[in-house]
Number of protein chains: 2
Amino acid sequence: MSDAPVTLSQVAREAGVSLATASRAINGSATRSVRQDLRERVLETARRLDYSPDPSAQAMARGRTSALGLVVHDIADPYFSTIAAGVTRAAEREGLIVTLASTEQRRDREVAFVELARRQRSRAIILAGSRLVPPEDLPGTIPAEAVTQMESDAKALESALTSFREGGGGVATIGQGVGDLPVVEIDNASGAGALARALHDLGYRRFGVLTGPLGLRTAADRTTGFLDTLGALGCPALDRDVVHGNFTRDGGYAAMTDLLTRTGTATAEPRPDRPEVVFAVNDVMAVGAMAAVRDAGLRVPDDVAVAGFDDIHTLRDVSPGLTTVRIPLDEVSEAATMLALGAEASGTVVQGEVVLRDSTPRRQSPARS
Amino acid sequence: MSDAPVTLSQVAREAGVSLATASRAINGSATRSVRQDLRERVLETARRLDYSPDPSAQAMARGRTSALGLVVHDIADPYFSTIAAGVTRAAEREGLIVTLASTEQRRDREVAFVELARRQRSRAIILAGSRLVPPEDLPGTIPAEAVTQMESDAKALESALTSFREGGGGVATIGQGVGDLPVVEIDNASGAGALARALHDLGYRRFGVLTGPLGLRTAADRTTGFLDTLGALGCPALDRDVVHGNFTRDGGYAAMTDLLTRTGTATAEPRPDRPEVVFAVNDVMAVGAMAAVRDAGLRVPDDVAVAGFDDIHTLRDVSPGLTTVRIPLDEVSEAATMLALGAEASGTVVQGEVVLRDSTPRRQSPARS
DNA sequence: CTGTTAGCGCTTTCAT
DNA sequence: ATGAAAGCGCTAACAG
């Protein structure tokens, strides 16, 4: 009971075979095979002695661990914890240990973790959370030095990732890629477009958008997809009604508060200049936005309707039910895991599906457009 | 750029010292010290070469990794992801890597993970999630074989944990202990008692309880604390109004549905036999319960008031706001991490604090009791 | 098919 | 204070 861990050589000795044979019997070496009876004897002894291999030793000998790194921005955020659930499930199935890094949005921590993974020779890394948009696509409004900073951050991450891969590690990103790394892509633009169309069909004509930070690719794509479709539908959103916030619950709260303030606060009577419906680019922001609406003394959806994106399961019980675009995060994260582990990239672009709920009821008297 | 990882001996050679010296310079060996100038030369070379140690090799040589294991039931559950956030934060601060296991409630996976941690010589393990109550405290209604099963499960876990500790690993549990392992204890009974009193003060007289599975310690303590206080207050809950469910959102939903059914479903008019307020033993269940109330065509709190326990931050935006008992999970999980790492157990029993919100408004016309 | 023998990268006696 | 050398537990050539 108080035994120091049993080693392979103990098993070998006990079974009366050489260390090498024991090793081969146990892990079933690719090149060499072991005689039936010997293998059984070894296996039996191993079981009897309650042997299990030392991962560090194996890692060292093989030059490769059985660890899978998962990088998220904030594990407490339900979007990321949902992903973590999918990844751990898949990893477990593959016999891998998952090591978790919650970077709290700090780019340097992300890079440090990737570097650690390389040293540690992790099998693969999954990167969740939005990457930055390429600088050339950024709106001109961003200060040049901020752009420079972003570029160097992105550069650092990309080069860390590159050397990780050169060392034989697998990588996959969720959402959209870094450079041309493998990615389980989510078609944010068309999902958001479909949502815009659906809301328009419900009779909404005045739209607002709560978007993420400038430069966050996912946020940008969703916003663009939404706005473009609105334009095509002939009822573009006012610039004034597109407001930026952090990609978090608090960001959504702040952005909605801001939006409401711009259009005149806390007025229950329908104001002609207030958007009828506001699209928050993710569910977590949407929930914050709903709270802001309530705190302003208004009601969802009577005064302002709200829609989100992702369909986070943990948030299914908010009330009124949140209209959103469903992304099958479980599948996405399992797919990403397999992809990082070397599965074929079967042209993975995940499409979302619009889910209409009570936060965006049909407009009673659709405005003529 | 495409370099194989730099090794310590490369650094040593480059700096013109022996391997041993380089090692001592870099990690600052306890027993031996290194001459100032040599140390600096080594450190400088290491930096220049971008050296960083191979964790597996260190683990092997030292007989100890720098990994911290975290075991949760379900990482997608906001209760556990909140804990995970606290643990990763603390671990990061201590320079430790966290390896995550989401056991999906399966006891054997828990045991397997602990065993793995032992082989891998993890520094410590944090166990979140409720342990089983000791069999002798179980209500007699449980089938003997189930009790036996529980006992053997508990035994297996405890013995795995024991050998882990004998191997030098640290352990801490969150919530309540396994055996007499270090624990950051949450005073569930008195928190629930305080809640009962608060609700009683608000004028509630007919109480229901949605409790977790029989045998789950946390659930049992909260239930007992609540019920006992109610008894002391002179308005005990009916047995019929105490219903069991899983410790999850769906469990809360099912239990509430069950409760509502027993007392006559979907009747908006106040039924004298329906509890005025229902205490779900955790927030996640409470949220499910609220959904069940709505799906039954009733309203919270008008038809049934609801209270939970934990005050999960992610759930703060449910509406109406959920009355609950606030547990500072961030602090709890950081404390647990430090405890597992060997900090003094400063008599850690965390007290919860009742937080009253809109899900349990003051009763208009308090029933005379 | 099996056994012998080098290491993997690092820490740590043990000499010097 | 420094260096040489012996492992840690396991795998993978390399012989037999």
> Contact class for Leu19(B) (heavy atom, under 4.0 Å): base, sugar-phosphate, or nothing?
Replying inline: base
> Taking atom C1' of dA1(D) as reference, at what distance in whole Å does atom CG of Asp37(B) sit?
Replying inline: 11 Å
> Atom OH of Tyr51(B) and atom P of dG9(C): how far apart are they, to the nearest Å?
Replying inline: 10 Å
>> Could you tell me how far apart Ile26(B) (CD1) and dT12(C) (C1') are, to the nearest whole angstrom?
In response: 16 Å
> dA13(D) C1' sits how many Å from Arg62(A) CZ, rounded?
Replying inline: 16 Å
>> Rounded to whole Å, how long is the line connecting atom CZ of Arg24(A) with atom C1' of dT2(C)?
In response: 6 Å
>> Given the ring of Phe164(A), does Arg119(A) sit roughly above its face, with NZ or CZ under 6.0 Å from the centre of the six-membered ring and within 45° of the axis?
In response: no
> Phosphate oxygens OP1/OP2 of dC10(C): is one of them under 4.0 Å from a side-chain N or O of Asn27(B)?
Replying inline: no
>> Looking at dG9(D), I'd like to know if its phosphate oxygens (OP1 or OP2) sit under 4.0 Å from a side-chain N or O belonging to Ser9(A).
In response: no
> Does Thr162(B) reach the main-chain N or O of Glu158(B) with its side chain, forming a donor-acceptor pair under 3.5 Å?
Replying inline: yes
> Quick one: is Ser23(B) getting a side-chain N or O under 4.0 Å of the dT11(C) phosphate, OP1 or OP2?
Replying inline: yes
> Relative to Phe113(B), does Arg118(B) satisfy both conditions: NZ or CZ under 6.0 angstrom from the six-membered ring centre, and within 45 degrees of the ring's axis?
Replying inline: no
> For DNA chain D, whose closest nucleotide is more 5', that of Ala57(A) or that of Leu38(B)?
Replying inline: Leu38(B)
> Under 3.5 Å, is there an N or O donor on one side and an acceptor on the other linking the side chain of Arg121(B) and the base of dG9(D)?
Replying inline: no
> Looking at Gln58(A), does any N or O in its side chain come under 4.0 Å of the phosphate oxygens OP1/OP2 on dG9(D)?
Replying inline: no
>> I'd like to know if the side chain of Arg39(B) reaches the main chain of Ala25(B), judged simply by a donor and an acceptor atom lying under 3.5 Å from each other, with no hydrogens or angles considered.
In response: no
>> I need the CZ-P distance between Arg64(A) and dG9(C), as an integer number of Å.
In response: 14 Å
> Does Thr21(A) place a side-chain N or O at less than 4.0 Å from the phosphate oxygens OP1/OP2 of dT2(C)?
Replying inline: no
